[in-house]
Amino acid sequence: MKTKKRSRRIKPKPGGPSSCYSLPLTLRAFEAVLTLDEKLVGTPDYMGVAYFWGQRTKHVLRPASQVERKRAHDAILRAGLPLDGDSDEVAEIVMRATRDGLAYRRQTGLVGRP
């Protein structure tokens with residue numbers, strides 16, 4: 001008796017075509033979104049557009065997607081740490097929240113450090 005293979009539905013990824021993060025914006029519209037998001041830094045409504053990070057994590061968060069920035073932002077807020085802090089705890093949260101975090105840790109020799 002043959003069993004049928006079930007087709008798996010592909011879930012849309014954050015930042016994909018059905019996401020609000022891929023809206024085609026004019027420069028004027030982007031500036032308006034950026035201005036709004038700057039006011040939302042430090043709140044759960046932050047959208048991942050404006051800058052909030054400190055010196056130590058800027059190399060990971062600048063190229064990160066909006067989804068990864070929001071994930072890092074929200075995790076730092078939940079931990080009760082300052083958003084622009086340069087502590088080991090903030091760096092660890094950012095590394096875990098971003099795709100390039102592990103690659104950055106390898107480059108800087110942070111992998112395996114206690």
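Just so you know, these numbers use all the heavy atoms, side chains as well, and skip hydrogens, waters and symmetry mates.
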Qualifying residues under salt bridge (Lys or Arg N to Asp or Glu O under 4.0 Å), relative to Asp74, sequence neighbours excluded: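 Applying salt bridge (Lys or Arg N to Asp or Glu O under 4.0 Å) to Asp74 gives Lys70.
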If you round to the nearest 0.5 Å, how far is [atom2] of [Y] from [atom1] of [X]?
| X | Y | atom1 | atom2 | value |
| --- | --- | --- | --- | --- |
| Ile93 | Thr57 | CD1 | OG1 | 10.5 Å |
| Lys58 | Asp86 | NZ | CG | 10.0 Å |
| Thr98 | Arg71 | OG1 | CZ | 8.5 Å |

Residues forming a ring-ring contact (aromatic ring centres under 6.0 Å, His included) with Tyr51, sequence neighbours excluded: Trp53
Residues Ile76, Val94; criterion side-chain contact (heavy atoms from CB on, under 4.5 Å); working and verdict: CA-CA 8 Å; Ile76 293 168; Val94 169; 4.1 Å; yes
Please list, one pair per line, the donor and acceptor atoms closer than 3.5 Å that link side chains of residues 29-40 to other protein atoms, with sequence neighbours excluded.
residue, atom, partner, partner atom, Å
Thr35, OG1, Glu31, O, 2.8
Asp37, OD1, Met47, N, 2.7
Asp37, OD2, Gly48, N, 3.3
Asp37, OD2, Val49, N, 2.7
Asp37, OD2, Ala50, N, 2.9

[Y] backbone acceptor or donor facing [X] side chain under 3.5 Å:
| X | Y | value |
| --- | --- | --- |
| Arg56 | Ala91 | no |
| Arg69 | Arg62 | yes |
| His73 | Gly42 | yes |

Trace of the side-chain contact (heavy atoms from CB on, under 4.5 Å) decision for Leu77 with Thr43: CA-CA 8 Å; Leu77 283 181; Thr43 71; 5.9 Å; no
